[in-house]
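Below is one structure; the comments refer to it alone.
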Amino acid sequence: MAADRYDAPKREKHWQRVWEERGVFRTAEDPEKPKYYVLEMFPYPSGRIHMGHVRNYTMGDVVARYKRAQGFDVLHPMGWDAFGMPAENAAMAQNVHPAKWTYENIATMRAQLKSMGLSLDWEREFATCDVAYYHQQQKLFLDFYEKGLAYRKTAKVNWDPVEKTVLANEQVIDGKGWRSGAPVEQRELMQWFFRITAYADELLEALDGLERWPEKVRTMQANWIGRSEGLLITWDLEGKKLPKKLQKLEVFTTRHDTLFGASFMAISPEHPLTAHLAKRSKRLAAFVAECRRMGTSEEAIERAEKQGFATGLFAVHPLEPGRKVPVYVANFVLMDYGTGAIFGCPAHDQRDLEFARKYGLDVLPVVIPEGADPATFEIGDEAYVGPGRLANSDFLDGLTVEEAKEAMAARLEAMGVGKRSVNYRLRDWLISRQRYWGCPIPIIHCPDCGVVPVPREDLPVTLPEDVTFDKPGNPLERHPSWKKTKCPQCGKAATRETDTFDTFVDSSWYFARFCAPHAETPVDRQAADRWLPVDQYIGGIEHAILHLLYARFFTRAMKATGHLGLDEPFAGLFTQGMVNHETYRDKAGNWRSPQEVRIVHSEEGRRAFLKESDEEVTIGAVEKMSKSKRNTVDPSDIIARFGADTARWFMLSDSPPERDVEWTEEGVQGAWRFQQRVWRLIGELEPRIKAEAAGVVGAAGAGEGGGHRERTPPSDLGPEAEALRRAAHRALRDVSRDIEGLRFNRAVAHIHELTNAISAAQKSNTPGMDWALAEAITLLIQLLGPMMPHFGEECWARLNYNTLLADEPWPRPDPALLVDDMITIAVQVNGKRRDELTIARDAGREEVEAAALKLDGVMRAIGGREIKKIIVVPQRIVNVVA
RNA sequence: GCGGACGUGGUGGAACCGGUAGACACGAGGGACUUAAAAUCCCUUGGGGGUGACCCCGUGCGGGUUCGAGUCCCGCCGUCCGCACCA
């Protein structure tokens, strides 16, 4: 037996070499064929691949191989999202240059990916930190800048005073820098932005057309863009002398129907009016400082109590000049949404209600729910936000909320104090990073000419290599000479922009670059027009919002600058689930890795023990693989032990791809056993199907030319051989359908079924069985080929085919074998299944009824009662109502 | 709080348009082979009852629509995810 084991790790290297030598997966660029672009989100070169990559790239590879076999010209490239902070962190920690660190990681990970046997076109590989790539990105930036899609403005940033650097929100923990631990300051810095808000509406509307995107992602993006229609209302201010600019206060609202319920105004602590007032009030200045302090911590803001500061100012109600409401500075009003000022209507907004209760302000209901009495309707602890009719509201009384909004908007617009307006939650994309390991922003600052783009002929602006990471701050900023240059316009001494791009910029157009990765322009228009959009994009749900939204924006911006001819980059999107694993903890409370643990199945269930000491460890929750919980499994270990095909097969088999999968040793073993089982099966069948060589193996092996293979079965097939043929062709239909729909777990189940059918049929020696077995096993190998590609080749060769399985066309089922003449349907009595009926597929209603009523189980269940009705659903079910 | 998804055996999960619930796999139990183990093969495996053919119950809980509901509708309970003072 041992001799008949398939030695996966050894044979996999062989087939990888064969594919590479023959250039099997080089993109054909054959205009005769229909194109198919399948792309997985490219990895960050962190050092080693993890199981999440294995899952992601296996799925993409199955699709790529399947589509190739279907006759598509497939583009399936790979690259590296190679800029970013970890390289700089490594530089600081280990004194290694970010470039060296990054390219070494890439080399390691490339080798790991190659060991997976992915059908990638490696000739198109690039890293975003390659000068050749970021050179093109700088060109794109200049084009965007000229179109007004990139601009500079001051913005508040999280500043770490020790590291002397800007921190991303997620790097601020409890108001302190994640590395330094120093309290983070809010600083105003000049920053670069992309004008993504210019496309807010378009990005939102186009979501409807993305039919092959998960509903969930579309919803998330829609919420992120957060469009709301409302009204800008201008109020006059009284009570203090104010400079002219500040005498009017503009607010944005979506509930202008409740204007008659207004009882206060609130402005943001960062509002210009606040700033003006704070100059004359120490107490207000202190209040503002307090709000700012709270503002640095995301958590603190969450449940912070509503607080206000009465300014002494009053706003005049636009429709009732006699009515004046107090103006507060309030900590819950955001400066960067709307106008940074609101009017408060406590009866119909929960926040306003809490605020009003705290400061003793009026709560006047103006929307009355259907059926309630306006005279007695009162607001308690909860604001009423539902539908109803207006009351206490002058000309709006009796109108519905929608009608009242319309009437109010019309009235205020006519008076010149209202303006219909659309607001978005989406803000412009801040792309400046004060870091070294990123694409330099190709701009020069001249004391006389101001902001001057680097002339195109001077591109690329490359990163200096001689940088140090021993001090905090941006190495580009403190480099002795790099930023010193001359103004391209006036020739005077000037400085380079030292900000680099957010790495999301790099990943926003890489899919377009893959179409022609060596082009002298960012995108080769002809290649992009052929290949884009990406037909199937596969990646993690964590990129549902930012990466995918930025890529959608980039595609539009690149269209506006003539680089692309389409709006949406990804026609189909699939988001795969995570890879999880059990966690283990020893008695001391330390996390233990799966490699250190032995699992025992006892009567009380599963127990875990340390291999080294036999100490029992507690089995904890199944969680996402992470270094901190030590519940990771290294793909290379698995590949070395079982082979890549086993890892791939397991990744596809257990869970629906969009859901999380739990990596288990038992599951891997099961996958490995299945592979060995098929191998043994072929070994056992070899003598029988070799005898049929002329009929199936030889004839099929001789087939050439990309079409599907015609097989002519012998005319004397017995019923058992016929049944096997049906099972095989059904499996072919089902697996094809499941791969098409990315339901890999179901495809695997159907392959198992076919394997079981072959195993069972193997025992039979009835007429034609040898031929049917040869056909079934051939189809089996073809079906599992995209999932276990090396093993597929090995089996294909063993079946004496003289082609590469990777070059084989996908087989087509024989339609005649997919319909049965005789079918078995259930027969119910009063909705309960009592028997089943095997009958000719095309039997008529009367025939079915008569046969059903004669069944033992049916007669017993009716028990002599009167039959009221018989429902016959052809080829489905019979239900006798008695 | 708002938005969304989901809830099926010991486990992961199947079940198309409302039509035989539990495919397929893992795990478990029993048996064969073996000196023994591993590997492999065979049988059993939702719960309960019956010698048996069979019968009853069963898809988170409670109702409803229907000849028929895991699937549709209403109301709960629970889990997960996203957003979170967005005016």
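Computed from a predicted model, the values in this text were never measured in an experiment.
For A:Arg746, the listed nucleotide lying nearest its side chain is B:A14; candidates were B:A84, B:A23, B:A14. When each of B:C67, B:G19, B:C86 is scored by its nearest atom to the side-chain atoms of A:Lys869, the top-ranked nucleotide is B:C67. Distance from the side chain of A:Asp654 is smallest to B:G12 among B:C67, B:G12, B:A87. Nearest nucleotide to the side chain of A:Thr219, out of B:G3, B:U20, B:A25: B:G3. Checking B:C86, B:C24, B:G68 against every side-chain atom of A:His752, the shortest atom distance belongs to B:C24. For A:Ile545, the listed nucleotide lying nearest its side chain is B:C83; candidates were B:A87, B:C83, B:A23. Taking the side chain of A:Arg673 as heavy atoms from C-beta on, and the options B:C86, B:U40, B:C83, the nearest nucleotide is B:U40. Nearest to the side chain of A:Glu753, among B:G19, B:C24, B:C86, sits B:C24. Distances were taken from every side-chain heavy atom of A:Met220 (C-beta onward) to each of B:A84, B:A87, B:G82; the shortest belongs to B:G82. When distances are taken from the side chain of A:Gln828 to each of B:A15, B:G68, B:A39, the shortest belongs to B:G68.
Listed here is the closest heavy atom pair of A:Ser655 and A:Arg55: O-NH2, 4.1 Å. A pairwise comparison of heavy atoms in A:Cys291 and A:Asn331 identifies SG-CB, 3.6 Å as the closest pair. Scanning all heavy atoms of the two residues, the minimum distance from A:Leu853 to A:Met859 falls at O-CG, 3.1 Å.
Residue contacts shown for A:Arg834 are limited to sugar-phosphate atoms, with no base heavy atom under 4.0 Å away. Among the atoms of the strands shown, only primed sugar atoms or phosphate atoms (P, OP1, OP2) are found under 4.0 Å from some heavy atom of A:Thr253.
Look at the P atom in both B:C43 and B:G50: the space between them is 27 Å, to the nearest Å. If you take atom P in B:C26 and the same atom in B:G18, they sit 33 Å apart, rounded to whole Å. Comparing the C1' positions of B:G3 and B:A28 gives an interatomic distance of 43 Å, to the nearest angstrom. The gap from the C1' atom of B:U65 to that of B:C55 amounts to 29 Å, rounded to the nearest Å. Separating the P atom of B:U11 from that of B:G47 is a span of 12 Å, rounded to the nearest Å. Using atom P as the reference point in both B:U71 and B:G82, the two lie 28 Å apart (nearest Å). Taking the C1' atoms as reference points, B:G10 lies 12 Å from B:G29, given to the whole Å. Here, B:U40 and B:A25 have their P atoms 14 Å apart, quoted to the whole Å.
When the side-chain nitrogen and oxygen atoms of A:Arg737 are compared with OP1 and OP2 of B:C16, none of them lie within a distance under 4.0 Å. Using a 4.0 Å cut-off, some side-chain N or O of A:Asn756 falls inside it from OP1 or OP2 of B:A25. Residue A:Arg680 places at least one side-chain N or O closer than 4.0 Å to OP1 or OP2 of B:C41. Between A:Lys832 and the phosphate of B:C57, there is a side-chain N or O to OP1/OP2 separation shorter than 4.0 Å. One finds no side-chain N or O of A:Thr664 lying less than 4.0 angstrom from the OP1 or OP2 phosphate oxygen of B:C26. Phosphate proximity of B:C81 to A:Arg659: absent, as no side-chain N or O sits under 4.0 Å from OP1 or OP2.
For the pair A:Leu784 CG and B:C24 P, the computed distance is 18 Å after rounding to whole Å. Going from atom CZ of A:Phe744 over to atom C1' of B:C24 covers 17 Å, rounded to whole Å. Atoms CZ (A:Arg677) and C1' (B:U40) sit 11 Å apart, rounded to a whole Å. For the pair A:Asp381 CG and B:G1 C1', the computed distance is 15 Å after rounding to whole Å. Following rounding to the nearest Å, A:Trp679 (CH2) and B:A39 (P) show an atom-to-atom distance of 21 Å. When rounded to the nearest whole Å, the span between CD of A:Glu542 and P of B:C81 equals 14 Å. A:Arg833 has its CZ atom 15 Å from the P atom of B:C57, to the nearest Å. Here B:C26 presents its P atom at 11 Å from CD of A:Glu666, a figure rounded to the nearest Å.
Under the 3.5 Å distance criterion, the side-chain polar atoms of A:Asp352 are matched with a main-chain donor or acceptor of A:Cys345.
Helical stems involving RNA chain B, defined as 3 or more consecutive Watson-Crick or G-U pairs under 3.5 Å, span B:1-7 with B:77-83, B:10-12 with B:24-26, B:27-32 with B:40-45, B:46-49 with B:54-57, B:60-64 with B:72-76.
Look at A:Arg227 and A:Glu229 and you find a salt bridge, because one of the NZ, NE, NH1 or NH2 atoms lies within 4.0 Å of a carboxylate O, short of that distance. A salt bridge links A:Glu270 to A:Lys156: one of the charged nitrogens lies within less than 4.0 Å of a carboxylate oxygen. The pair A:Glu215-A:Arg218 counts as a salt bridge, with a side-chain nitrogen and a carboxylate oxygen less than 4.0 angstrom apart. A:Glu406 has a carboxylate O that lies under 4.0 Å from a charged side-chain N of A:Arg420, or vice versa, which qualifies the two as a salt bridge. A salt bridge links A:Arg427 and A:Asp336; the closest N-O separation between the charged side-chain nitrogens and carboxylate oxygens is under 4.0 Å.
Each of A:Tyr337 and A:Val748 has a nearest nucleotide on RNA chain B; the 5'-most of these lies closest to A:Val748. Mapping A:Asn745 and A:Asp352 onto RNA chain B by nearest heavy atom places A:Asn745 at the nucleotide closer to the 5' end.
Side chain A:Lys306 to base B:C85: a donor-acceptor pair is found below 3.5 Å.
Cation-pi geometry between A:Lys306 and A:Phe332 is met: the NZ or CZ atom falls under 6.0 Å from the ring centre, inside 45° of the normal.
For the pair A:Asn879/A:Ile870, no side-chain contact is recorded, criterion being any heavy-atom separation below 4.5 Å from C-beta on. Put simply, the side chain of A:Leu784 reaches to within 4.5 Å of the side chain of A:Phe791, judged on heavy atoms. The shortest side-chain heavy-atom distance between A:Thr755 and A:Leu681 falls under the 4.5 Å cut-off.
Shown for residues 873-882 of chain A: residues whose heavy atoms fall under 4.0 angstrom of RNA chain B, namely A:Val873, A:Arg876, A:Ile877, A:Asn879, A:Val881.
Nucleotide B:G52 is shown with an anti base, its glycosidic torsion being more than 90° from 0. For B:C17, the glycosidic angle deviates from 0 by 90° or less, giving a syn base.
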